[in-house]
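These notes concern the structure reproduced below.
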Protein chains: 2
Amino acid sequence: MEKAYHSIGELAEATDTKVETVRYYERIGILPAPKRTSGNYRAYSAGHLARLSFIRRARDLGFTLDQVRALLALADQKKQDCGTVDALAREHLADIDRKISDLKALRRELSGLIGQCKQGTIADCRILSALSPR
Amino acid sequence: MEKAYHSIGELAEATDTKVETVRYYERIGILPAPKRTSGNYRAYSAGHLARLSFIRRARDLGFTLDQVRALLALADQKKQDCGTVDALAREHLADIDRKISDLKALRRELSGLIGQCKQGTIADCRILSALSPR
DNA sequence: TGTTGACCCTGTACCGACTACAGGGTGCAG
DNA sequence: CTGCACCCTGTAGTCGGTACAGGGTCAACA
């Protein structure tokens, strides 16, 4: 049988989170405060583990904590249609696409600059002049 | 003839920066404090404009303020070989490549989830279950 | 039984790179 | 001379944590 409760350290390790971060999530109200042991240690249930896993995974996917809050709120009130969730994800995908194309533009620009300074002095460094006011 | 001095608002507009950000740059010592008018307004020279343009452009390209500081220090002490600058840029390019591939992986994952929830209820939403503990 | 040492507690301050006021002063046009 | 846009300083807030300081708890081992 599974252990009924987990310490904060176990929870943190299981979800690849720092202990301080778990406490931070509790403080900002995204992870409910668990029961305490007689020694005042936090005692987390499987539900806490599930919720923290959800939060971490969504964070890994780049959702902000506010978006995670929204997703959790939706998940909590079941029986609604999940178009809202889909819309949230689509919006997020559009953000990601924007970032990717920005980074690609940046990459092109920067890689064009590299390797042009092999023996020059700062005075005629192409990277610095590319960054200088046009 | 060009105007000799610029107000903080003009400088900000010319470099697409917020006025508060310009003051912030001065406070952290990356943009030198300009002369003041009799009314205690900041009066920026063309040199300030050039330096701020440099900072903003480097920031747009994703350099941190610390990296910008390093670039400015190099640019200031001319006549050195610019291999250092080149190395800094190469390092940065590697960062960009990492970011791009991370985002692409994320994109794949997220776009696989989207569009699977057309008529379901939250109870069987694939996005939510993909986020739930495995 | 006593003492290590790993873990836990609270509270607060800090990070980067800004952003947003509050509460006041300046400068110019009508 | 009044109104308004702009400027000043100083401080606090944003996001998502991270890093202590200064203590308490617990289990194992001598």
Side-chain angles (χ1 to χ4, degrees), chain A residues 3 5-31 33-45 48-49 51-72 92 95 99 102 106, chain B residues 3 5-31 33-45 48-49 51-72 92 95 99 102 106:
Chain A
K3 258 173 76 178
Y5 293 103
H6 312 274
S7 71
I8 194 168
E10 287 163 2
L11 205 74
E13 201 188 1
T15 55
D16 199 25
T17 309
K18 301 209 171 179
V19 166
E20 286 97 336
T21 304
V22 179
R23 286 195 284 249
Y24 167 72
Y25 286 163
E26 178 179 326
R27 201 166 67 244
I28 64 168
I30 201 165
L31 185 67
K35 290 197 270 191
R36 298 295 181 113
T37 66
S38 56
N40 200 31
Y41 283 19
R42 286 172 179 82
Y44 293 99
S45 70
H48 286 102
L49 180 56
R51 194 173 175 102
L52 181 54
S53 301
F54 185 107
I55 294 167
R56 293 303 287 179
R57 185 145 164 72
R59 288 287 300 126
D60 279 353
L61 285 172
F63 289 90
T64 66
L65 283 176
D66 262 5
Q67 290 174 317
V68 177
R69 244 187 270 266
L71 285 170
L72 283 167
H92 191 54
D95 274 6
K99 280 186 195 164
D102 283 0
L106 171 54
Chain B
K3 259 174 78 179
Y5 293 103
H6 313 274
S7 72
I8 195 169
E10 286 163 4
L11 206 74
E13 202 190 0
T15 56
D16 199 24
T17 309
K18 300 209 172 181
V19 165
E20 285 96 337
T21 304
V22 179
R23 286 194 285 248
Y24 167 73
Y25 286 163
E26 178 179 325
R27 202 165 66 242
I28 64 167
I30 202 166
L31 186 67
K35 290 197 269 191
R36 298 294 181 114
T37 66
S38 56
N40 200 30
Y41 282 20
R42 287 172 179 81
Y44 293 99
S45 70
H48 286 101
L49 180 57
R51 195 174 176 102
L52 181 55
S53 301
F54 185 106
I55 295 167
R56 294 303 286 179
R57 183 145 165 74
R59 289 286 302 127
D60 278 354
L61 286 171
F63 289 92
T64 67
L65 283 176
D66 263 4
Q67 290 174 317
V68 176
R69 244 187 271 266
L71 287 170
L72 283 167
H92 192 58
D95 274 6
K99 278 185 199 162
D102 282 1
L106 174 53

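Residue numbers begin at 1 in each chain, while the letters A, B, ... track the order of the sequences. Quick caveat, the model's predicted, so the values are computed rather than measured.
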Taking atom [atom2] of [N] as reference, at what distance in whole Å does atom [atom1] of [X] sit?
{"X": "Glu10(A)", "N": "dC8(C)", "atom1": "CD", "atom2": "C1'", "result": "12 Å"}
{"X": "Asp60(A)", "N": "dG16(D)", "atom1": "CG", "atom2": "P", "result": "14 Å"}
{"X": "Glu20(A)", "N": "dA13(C)", "atom1": "CD", "atom2": "P", "result": "17 Å"}
{"X": "Tyr44(B)", "N": "dC8(D)", "atom1": "OH", "atom2": "C1'", "result": "11 Å"}
{"X": "Leu31(A)", "N": "dG16(D)", "atom1": "CG", "atom2": "P", "result": "16 Å"}
{"X": "Ile30(A)", "N": "dG17(D)", "atom1": "CD1", "atom2": "C1'", "result": "13 Å"}
{"X": "Phe63(B)", "N": "dC18(C)", "atom1": "CZ", "atom2": "C1'", "result": "20 Å"}
{"X": "Tyr24(A)", "N": "dC15(C)", "atom1": "OH", "atom2": "C1'", "result": "13 Å"}

(message) Closest-nucleotide mapping onto DNA chain D: is Tyr41(B) or Arg59(A) further toward the 5' terminus? I mean the 5' end.
(response)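 Result: Tyr41(B).
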
(message) Does Glu13(B) have more than 12 heavy atoms from other residues, nucleotides or ligands lying within 6.0 Å of its CD?
(response) no

Given [N], is OP1 or OP2 found less than 4.0 Å from the side-chain N or O atoms of [X]?
{"X": "Lys18(B)", "N": "dA17(C)", "result": "no"}
{"X": "Arg42(A)", "N": "dT10(C)", "result": "yes"}
{"X": "Tyr25(B)", "N": "dC18(C)", "result": "yes"}
{"X": "Thr21(A)", "N": "dG16(D)", "result": "no"}
{"X": "Ser7(A)", "N": "dC8(C)", "result": "yes"}
{"X": "Arg36(A)", "N": "dT25(D)", "result": "no"}
{"X": "Arg23(A)", "N": "dT10(C)", "result": "no"}

(message) Base, sugar-phosphate or nothing for Arg69(B)? Non-hydrogen atoms, less than 4.0 Å.
(response)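 Result for Arg69(B) = nothing.
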
(request) Supply the atom-to-atom distance Arg42(A) CZ to Arg23(A) CZ, rounded to the nearest 0.5 angstrom. (result) 6.0 Å

(request) Begin from the C-alpha positions of Tyr25(A) and Val68(A) and carry the test side chain to side chain contact (heavy atoms under 4.5 Å, CB included) through to its verdict. (result) CA-CA 12 Å; Tyr25(A) 286 163; Val68(A) 177; over 6 Å; no

(request) Starting from the 5' end of DNA chain C, give me the residue, Arg27(A) or Ala43(A), whose nearest nucleotide shows up first. (result) Ala43(A)

(request) Between Thr64(B) and Thr37(B), name the one whose nearest nucleotide on DNA chain C is closer to the 5' end. (result) Thr64(B)

(request) Run the salt-bridge test on Asp60(B) and Arg57(B) with the 4.0 Å N-O cut-off and return the result as yes or no. (result)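 Looking at Asp60(B) and Arg57(B), the cut-off is not met.
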
(request) Quick one: closest heavy-atom pair of Arg69(A) and Ile28(A), and the distance? (result) NH1-O, 3.1 Å

